[in-house]
Number of protein chains: 4
Amino acid sequence: MSVNKVILIGNVGKDPDVRYLENNVCVANFTLATTERGYTTQSGIQIPDKTEWHNIVVWRGLAEIAEKYVRKGTQLYIEGKIRTRSWEDQNKIRRYTTEIYVDNMELLGRRDGQSSPSSAPVMSQSQNNPSPANTSYNSPIENSSDNDLPF
Amino acid sequence: MSVNKVILIGNVGKDPDVRYLENNVCVANFTLATTERGYTTQSGIQIPDKTEWHNIVVWRGLAEIAEKYVRKGTQLYIEGKIRTRSWEDQNKIRRYTTEIYVDNMELLGRRDGQSSPSSAPVMSQSQNNPSPANTSYNSPIENSSDNDLPF
Amino acid sequence: MSVNKVILIGNVGKDPDVRYLENNVCVANFTLATTERGYTTQSGIQIPDKTEWHNIVVWRGLAEIAEKYVRKGTQLYIEGKIRTRSWEDQNKIRRYTTEIYVDNMELLGRRDGQSSPSSAPVMSQSQNNPSPANTSYNSPIENSSDNDLPF
Amino acid sequence: MSVNKVILIGNVGKDPDVRYLENNVCVANFTLATTERGYTTQSGIQIPDKTEWHNIVVWRGLAEIAEKYVRKGTQLYIEGKIRTRSWEDQNKIRRYTTEIYVDNMELLGRRDGQSSPSSAPVMSQSQNNPSPANTSYNSPIENSSDNDLPF
DNA sequence: TTTT
DNA sequence: TTTT
């Protein structure tokens, strides 16, 4: 009985930060910029462009695609949901971070003659199964202590 | 060359906080809850419902509709954009708040026999003109010092 | 590398037409009305309301929810994709029908004191797995000859 | 109390067909292809790619941008609404055509070194004012007899 | 054919 | 803080 949907098209701000959790699940984090075009009001006031930076979180198969093909500057379509998580800073003050959890992602503007996905086909993937699709459990080293994981 | 779009359906958490700025422009703030249904994983783990609270900001004509018809509990459709603004807390630490600026809003589930909009028709409105549609400039008292206004 | 997404909120025009295929997969068809509010132009011309009728197609679990809870008049949120299929009419002329294939559906405006879902909880479901989730194969009678099925 | 929203990302099928109506309002028509990636079912059946062709209709300022920058093959983001209009064919049979009326459009994948918009900045425009924004009335020749125009 |  |  509710809907929480975000649709973004923008450019990636930095190469994704990719991690593999102990259960071998892949997570990628990066920022995405969307820019609202400025304009001039009727009274002649110049409103400048305004860039919004979004914190993007990608899981599993889509994170592996991000690892392979997403780089600083890549133009992306992203569909996901808003999630705000809270944490305590060093002053014991509760702080909040809003992130976009990606359900679907598309690399845009890819043409032949460009870097990667044209040769290695980038399957667009959806991320809508709540139960883990990835079932290989190893990867012992990275003792992940993330406590904001959905399971 | 970019898109920043949010679509929400949820329930309003409290009666809107409505203000009229010095130029008589109306702004309404309230929270909206979207709840992701819990489920049970294949391995039998219970994932509970998860409620997300969104900070909603509505301007002008839509804010006046919010003032009239939106109450704690109202089910709403909201279309808007994500905006994160920063401010300094009392410890001079930069903090961030993410809000949804509404472009379009629809009251849902209204039927006859219910409170308001059936008698007074609620026109759904869009909010897409960057220049002020509201031209009456008075309302001298409220010396608004908001500095996160778009003009 | 492409997106085909439809988001509708409207009212159902007639009780769903529900069928179970030979493999026991459920399909529901119904129409949904969205109404664009009329207005008056600056030059004083009255533009009337305009109702658009959408042909909705729902599969599997969501179709079973439609069978249980969707009726003429129900207010629905629908997320899906546009699909146009062609067929030959009696004059051997190729004709086209555009339908919305539903991926996600939410019943809106449900409150206590109303008909059904409050007592029998309506789980909102997504429909994003391409391979059949429904595995019971019986239902021998209805010799479905649909050739526009996705498998 | 209703929503009719379409979001498409795809490639243009042919150069736009652009017309200027008698009141100098510009209209552009073209087709846009979205392709759903094929897959292999668990039982080993190959489901091929499936391309959907959408009939796109663009008005006014956005139509002029389409005239300047949209060509066969251009990758576009489109936001709009579904509209089905009916007409009578030569056999006096009522036929239906479903079109997407564009509210917002973005040219994707534009990079330096490519044709046009990088040098001449393409302002993305919205098309949400119901009353005509274009007020120059001339263009006497094209005696348009379209009767599906919104005014 | 729905709804407000 | 909402709702089912």
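Lettering follows sequence order; numbering is per chain, from 1.
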Sugar-phosphate only, base, or nothing, as touched by C:T34 at under 4.0 Å among non-hydrogen atoms: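 Answer is nothing: C:T34 stays at 4.0 Å or more from every strand.
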Grab the [atom1]-[atom2] distance between [X] and [N] for me, whole Å please.
X     : N     : atom1 : atom2 : value
B:I9  : F:dT2 : CD1   : P     : 20 Å
C:D17 : E:dT1 : CG    : P     : 17 Å
B:N11 : F:dT1 : CG    : C1'   : 11 Å
B:R37 : F:dT3 : CZ    : P     : 14 Å
B:L76 : F:dT3 : CG    : C1'   : 12 Å
C:L32 : E:dT3 : CG    : C1'   : 10 Å
B:D15 : F:dT1 : CG    : P     : 14 Å
C:E52 : E:dT2 : CD    : P     : 16 Å

Under 3.5 Å donor-acceptor, C:N11 side chain and C:A33 backbone: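 Here the side-chain-to-backbone pair does not exist.
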N/O donor-acceptor pair under 3.5 Å between D:N104 side chain and D:E79 backbone: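 No, D:N104 side chain to D:E79 backbone: no donor-acceptor pair under 3.5 Å.
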Under 4.0 angstrom between C:K72 side-chain N/O and E:dT2 OP1 or OP2: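 It does, given that an N or O in the side chain of C:K72 lies less than 4.0 Å from OP1 or OP2 of E:dT2.
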Distance-only polar pair, side chains of A:T84 and B:W53, donor-acceptor under 3.5 Å: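 Side-chain D/A pair, A:T84 to B:W53: absent.
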Under-3.5 Å donor-acceptor pair between B:T31 side chain and F:dT1 base: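 Indeed, a donor on one side and an acceptor on the other fall under 3.5 Å apart.
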Any N/O donor-acceptor pair, B:T51 side-chain to F:dT2 base, under 3.5 Å: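 Present.
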A:N91: side chain to side chain contact (heavy atoms under 4.5 Å, CB included) partners, not counting sequence neighbours: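 Testing A:N91 for side chain to side chain contact (heavy atoms under 4.5 Å, CB included), a comparison that skips the adjacent residues, returns A:D89, A:I93, B:N91, B:I93.
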Comparing B:D49 and B:W53 on DNA chain F - which has the more 5′ nearest nucleotide: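 By nearest-heavy-atom nucleotide position, the 5'-most residue is B:W53.
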